[in-house]
Student: 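Got a structure here, written out as structure tokens. Questions coming.
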Amino acid sequence: MQTILVSTYDLGHQPQIGAELAAICENLAVVDLTRDANNVDLSGAERVIITAPMFTGSIAAREFIESHQDDLVGIPVVLAGLYASVLEEALDPDLRKRLILHALNRFRPSDLLGSLEGGDVAPPTAKREYRTNRRSLLPLTSYRKVLARGVEVTSGYVEASVGCRHRCLHCPVAAVWGGRIAVNDRDGVLADIEEQYRLGARHISFGDPDFFNAPRHTIPIIEEAHRRFEELTFDITVKVSELVKHEAWLDTLAESGLAFVISAVESLSPMVLEHLGKGHTPEEVFRARDILFARNIGMHPTFVPFTPWTTREDILDILDFVWTSHLEDVVEPVQYSIELLIPPNSLIDRSQEGFLDYDTGIMGYPFSYRDPSLLPLQQHIASLASECGGGGYAEIFEKIYSISEAELGRTKRVARPDRRAPDPVIVTEPWFCCAAPVR
Ligand code: SF4
């Protein structure tokens, strides 16, 4: 029986669920809409899985379902990912009635197949079997690379854990996992790294929502991978408040090939951070940066600059941070344009003024800015960021910084200290995670 996986958006790496499904499903075909949207053939499909990992992927999924609805009618279709139920609700009611739909927000690969067969989904467990087979996927070289000191290397992707212990109020992971995690089988993760090394990867991105959720499990995996393949480098994602608490773990990781850490700074406004429930202060952001730089580990901050509570000064604070930290050639310009997303299961408190009625089109609650001048500024920044195709970030940063300074009437740029940042290591495809430019 042929199963088709339609993968919508995976931040520029190979569709991970495609690798995990191929290990347990014999007749699997994978369609990656980010790489090959024009050659989709569902004619032989007997069952279809469509990913809805986050907002961007879910918008693509909805368009896909609408344009391929005639092929999908009459066969089981599973929507899979953090946004699965949100996507299901956002489909046209008549279309929804015509389809045999299941939505799974949190799952193991076997749950997807079980659900297609009409079976029950097994209860979640704290340990997950992790087996992968990358035969059904496009080659690693079709995906984002890592660029360091002018040398581009093939990049792979694994997950040592899923879910998150934290509950940041704006985050779809928190809304779905409710503070829980599960760890993936250690030997399976190492085997997957080994396989991707054999396929040419010389850098591995760990996609764990927070690598320090299960440090006794995750850190030894990097240590072991480094022992086996000394030339491999890694990146991980860690929350700011965890970086400042665990310097010793970073010492270990620095010695094991850790090249950079992605960290969700979001904002440098104490009020915005409070509304997002981030659990860190602006001072801790500077401290986290210094801790990483002292170990020659790069920092890839991500931002949600545009929220209902943002002021124009907050936008400049973010740009000043990037400038004074010498990160303008590292931060993907799309990050400066991100607006807060508020899906229906969001934990954000919407009882305050400024939140509008639910909008199916954006699968969330729109808001109006307290300072109306922020809307044209966001649109201008988003339009400049869209010029970026991967690399050349500093040039676009300069344009964004200049218009933001002009907007605020600032005539003299803040001084910046001498460079302390490690040599930039960037990914060659701009990406964004659980937030996105929506307008
Ligand atoms: S933003 Fe990051 S740390 Fe916070 S709940 Fe989401 S995944 Fe966890």
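Just follow the structure's listing: the first ligand is 1, and inside any ligand the first atom is 1. Heavy-atom basis, side chains included; hydrogens, waters and symmetry copies ignored.
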Student: Counting heavy atoms only, which part of K278 comes closer than 4.0 Å to ligand 1: side chain, backbone, both or neither?
Tutor: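 It is the side chain that gets close, since no backbone atom is under 4.0 Å.
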Student: So F260 and H203, would you call those rings parallel, tilted or perpendicular, with 30° and 60° as cut-offs?
Tutor: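 Plane angle under 30°, so parallel.
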Student: Hey, are E224 and R228 close enough for a salt bridge, meaning a charged N less than 4.0 Å from a carboxylate O?
Tutor: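 Result for this pair is yes, salt bridge flagged.
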Student: Output the list of atoms in ligand 1 that are nearer than 4.0 Å to some heavy atom of K239, sorted by atom number.
Tutor: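 It comes down to these atoms of ligand 1: 3 (S).
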Student: Examine all N, O or S atoms of C164, backbone included, and report whether one is under 2.8 Å from atom 8 (Fe) of ligand 1.
Tutor: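 Yes - counting backbone and side chain alike, C164 has an N, O or S atom under 2.8 Å.
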Student: So, 2.8 Å as the limit: is an N/O/S atom of C171 located closer than that to atom 4 (Fe) of ligand 1?
Tutor: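 No, outside the cut-off.
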Student: Quick check on contacts: which atoms of ligand 1 are under 4.0 angstrom from a heavy atom of P209?
Tutor: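 Counting atoms of ligand 1 from 1, those under 4.0 Å from P209 are 7 (S).
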Student: Distance only, no hydrogens: is a donor on one side chain within 3.5 Å (strictly under) of an acceptor on the other, for R47 and T3?
Tutor: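 Distance-only check passes for R47 and T3.
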Student: Applying side chain to side chain donor-acceptor pair (under 3.5 Å), can you list everything that pairs with D423, at least two apart in sequence or on another chain?
Tutor: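 With sequence neighbours excluded, D423 shows a side chain to side chain donor-acceptor pair (under 3.5 Å) to R149, given in chain and number order.
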Student: F211: what forms a ring pair (Phe, Tyr, Trp, His ring centres under 6.0 Å) with it, not counting sequence neighbours?
Tutor: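 F211 satisfies ring pair (Phe, Tyr, Trp, His ring centres under 6.0 Å) with F206 only.
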